[in-house]
There are 2 protein chains.
Amino acid sequence: MKKVSISDIARKAGVSVSTVSFVMNDKAVKMRISREVIEKVENVAREMGYRPNQLARGLRTGKTKTIGLIVENISNAFFATLAKTIEDEAKKYDYKVVYCSTDNDDEKARDLINMLSQRQVDGYIITPTPELAQEIRKLQAENKPVVLIDRYFPEFNEIPAVLVDNYEGVAAGTEYLVGKGYRKIAIVTIENEMAHMKDRLRAYYDVLRRHDIAVDETLVNIVPYHAGRDKSLQQIQDLFKGAGTSIDAVFFLTNYLGVLGIEAIKNMQIRIPGQLALLCFDDNDIFRLYTPTISVIRQPIEAIGQKAMATLIERLKHTGSEVYPGADPIQLLPELIARESI
Amino acid sequence: MKKVSISDIARKAGVSVSTVSFVMNDKAVKMRISREVIEKVENVAREMGYRPNQLARGLRTGKTKTIGLIVENISNAFFATLAKTIEDEAKKYDYKVVYCSTDNDDEKARDLINMLSQRQVDGYIITPTPELAQEIRKLQAENKPVVLIDRYFPEFNEIPAVLVDNYEGVAAGTEYLVGKGYRKIAIVTIENEMAHMKDRLRAYYDVLRRHDIAVDETLVNIVPYHAGRDKSLQQIQDLFKGAGTSIDAVFFLTNYLGVLGIEAIKNMQIRIPGQLALLCFDDNDIFRLYTPTISVIRQPIEAIGQKAMATLIERLKHTGSEVYPGADPIQLLPELIARESI
DNA sequence: GATATGAACTAAATCGATTTAGCGAATAAA
DNA sequence: TTTATTCGCTAAATCGATTTAGTTCATATC
């Protein structure tokens with residue numbers, strides 16, 4: 001049994017295809033279709049279970065009512081929550097979301113943009129990879145609205161971006177550690193050349209300097225992106241060996257690294273916060289449930305998703321009519337959640 | 001700047017649209033297009049950044065190279081991993097996956113099927129909700145392959161299903177508890193009328209009976225699906241009050257409930273496994289990292305995803321040509337991971 | 001020299017919708 | 001009675017691809 005099309009309905013109802021289209025799109029009144037015909041068509045459509053083909057509709061109208069969401073990794077709790085928020089938000093505006101992960105690979109990101117472009121999505125929300133600026137410019141040139149999320153390109157502000165205030169978050173966290181009397185504060189971050197991570201690191205340096213604490217570069221630990229689980233864990237455990245002597249606190253700059261940190265303390269049986277204080281950027285179920293509970297800088301994920309979506313919708317509404325004036329990224333404030341690990 | 005279409009390429013290259021189509025689809029040789037023309041077209045297409053419109057292609061060919069994946073909740077770790085596996089697997093066969101969540105709501109599930117159907121996906125992988133059988137039959141009638149995942153309808157086997165062997169998993173878990181000497185074994189399960197959960201519960205009863213352990217119905221705790229976090233937690237804490245006296249072990253039948261169990265032991269400071277032994281169906285990061293580590297029955301998520309995808313692809317290949325003979329659900333064996341909580 | 005064969009392309013139908021322009025009948029205005 | 005309007009609906013173009021059935025030359029065959 002084949003799917004029913006608009007012409008099947010037209011034939012069965014004894015009217016033209018156009019009439020069916022008008023009725024299905026609530027333009028019947030405007031086109032002064034008579035009450036009887038409207039009812040006839042609606043009945044036939046219901047009986048036959050007619051569902052308009054969105055490919056045909058999209059082809060004709062140039063709108064698919066779909067937006068493409070590109071994140072780094074959808075199985076990461078942060079991005080999963082973000083995706084869910086965006087999807088819920090999109091539904092309010094009657095848009096559907098298609099999402100996919102880059103794994104922070106430029107090549108993969110380009111492929112995904114390609115794929116979404118071929119599928120004619122109406123707009124994009126993108127967590128960019130380092131070299132993606134060119135590709136995103138092309139989308140703008142094609143008049144497709146784009147909103148960056150979680151990351152941004154400081155050198156070009158033609159594209160709106162929504163993210164947490166990374167600098168403020170890490171500054172607040174570092175201040176908190178300093179305020180609690182810690183001086184030998186180690187940092188664990190992931191290798192990433194992008195601005196949002198530089199902002200985080202910069203905040204750390206600035207706060208130490210502000211308090212006249214000498215910066216010890218051996219305390220700045222950068223985990224290679226492709227190190228793999230075991231190697232990364234090892235690097236953290238090596239750092240932890242100095243607990244109580246060369247370091248007294250560790251600030252993890254990402255969620256993923258913080259979880260590895262927990263594995264490390266578990267493996268090494270380090271007393272937290274006795275021997276070592278712990279703080280992590282970005283919350284996670286585990287941090288709330290672990291013993292001791294882990295203090296975090298919480299990102300306002302829902303707010304980020306909502307703001308990004310609202311920005312995109314705004315641009316979707318008057319697409320082409322006006323050019324985005326360019327603006328600084330929208331940076332939302334994070335929240336310090338003090339738990340037992342400090 | 002508008003997007004480039006096939007006719008733009010044709011015009012610029014000075015050939016017909018058909019010729020461009022043949023070149024782009026590697027049918028140039030078969031259609032004996034000359035080497036020069038092929039190169040000309042390829043160059044023009046590359047220069048202009050041509051990317052075929054998949055809506056048009058899908059409309060014409062009737063194939064979108066897309067499959068719809070419907071899960072219960074994409075932000076749940078089990079389904080997130082499953083989705084990732086299926087996506088990776090799909091890519092091998094050159095298919096793209098669109099996924100969405102039902103929240104176990106029949107109405108929502110029907111809407112999602114509708115939406116995917118309108119978008120002309122080629123096939124479906126569905127975690128069904130209780131009343132979804134009719135809707136799925138319609139898809140079959142339209143000649144769209146469907147594979148059920150994680151759950152199934154015992155009363156109709158016309159649709160292939162791939163899932164863990166729930167009965168065996170819970171049987172093995174219960175046997176393990178009994179073998180360790182526990183006799184007052186409580187069960188915590190979620191309210192769900194579907195076969196896979198009934199299978200889990202049935203296994204519990206069967207094993208107790210096999211060991212001549214009297215079943216105490218007060219030990220069987222069913223958490224209402226829409227109870228909400230706090231109420232569910234309360235129900236588990238109420239159960240835990242009997243630790244050491246009326247109960248000596250608790251078997252959580254889902255991941256989500258197990259995590260609540262951890263919150264409960266944390267809140268109540270219960271010694272595990274001293275006062276109470278814990279076992280959970282379906283693994284989770286937290287279970288591996290918590291102190292004590294929690295023993296689990298691990299589902300073979302990757303295998304389930306792969307098998308489901310392979311089954312779907314098989315049906316996609318000869319769509320329409322033959323009817324699925326009908327078969328029992330494919331049930332894959334889970335693995336008991338013994339940790340410290342028993 | 002007429003005809004058949006083959007090489008290298010192209011025209012046009014098609015998929016299923018939307019949308020503009022227009023047609024015939026009924027009614028109103030002149 | 002003729003002309004203009006309004007009503008209620010339809011024909012046909014269009015979106016951007018794929019695909020079948022030709023068409024036009026050039027060459028080979030008899």
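Quick note: numbers below take in every heavy atom, side chains included, and nothing from hydrogens, waters or symmetry partners. Below, read A as the first sequence line, B as the second, and so on, with proteins coming before strands; counting in each chain starts at 1.
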Using the side-chain hydrogen bond (donor to acceptor under 3.5 Å, both in side chains) definition, which of the options B:Thr64, B:Thr66, B:Asn53 pairs with A:Arg119?
B:Thr66

Reading DNA chain C from 5' onward, which residue's closest nucleotide shows up sooner: A:Ile6 or B:Phe22?
B:Phe22

What contact category does B:Ser18 fall into here, base, sugar-phosphate, or nothing, at under 4.0 angstrom with non-hydrogen atoms?
base

At under 4.0 Å, does any side-chain N or O of B:Thr19 touch on OP1 or OP2 of C:dC9?
no

Counting any heavy atom closer than 4.0 Å, what does B:Met24 reach on the DNA or RNA strands: base, sugar-phosphate only, or nothing?
nothing

Looking at the side chain of B:Asn25, which of C:dT18, D:dT18, C:dC9 is the nearest nucleotide?
D:dT18

Does the side chain of B:Lys27 get closer than 4.0 angstrom to OP1 or OP2 of D:dT18 through an N or O atom?
no

Looking at B:Arg110 and B:Glu131, is there a salt bridge between them, counting it only when a charged N and a carboxylate O are closer than 4.0 Å?
no

Any A:Arg32 side-chain nitrogen or oxygen under 4.0 Å from OP1 or OP2 of D:dC7
yes

Below 4.0 angstrom, N of the basic side chain to O of the carboxylate: do A:Glu87 and A:Lys91 qualify?
no

Once you round it to whole Å, what is the distance between C1' of C:dG16 and CG of B:Asn53?
14 Å

On the side chain of B:Arg57, is there an atom forming a donor-acceptor pair with the base of D:dT18 - under 3.5 Å, no angle test?
no

Side chain of A:Ser16 - closest among D:dT10, C:dC9, D:dG16
D:dT10

So what does A:Val37 touch, heavy atoms closer than 4.0 Å: a base, only the sugar-phosphate, or nothing?
sugar-phosphate

Treating B:Ser16 as the side-chain partner and B:Thr19 as the backbone partner, does any N or O pair qualify as donor plus acceptor under 3.5 Å?
yes

Mapping B:Val15 and A:Ala56 to their closest nucleotides on DNA chain C, which lands nearer the 5' end?
B:Val15

Please determine whether a side-chain nitrogen of the Lys or Arg among A:Glu47 and A:Lys12 lies less than 4.0 Å from a carboxylate oxygen of the Asp or Glu.
no

So what does A:Ser34 touch, heavy atoms closer than 4.0 Å: a base, only the sugar-phosphate, or nothing?
sugar-phosphate

Is there a side-chain polar atom (N or O) of B:Ser21 under 4.0 Å from OP1 or OP2 of D:dA17?
no

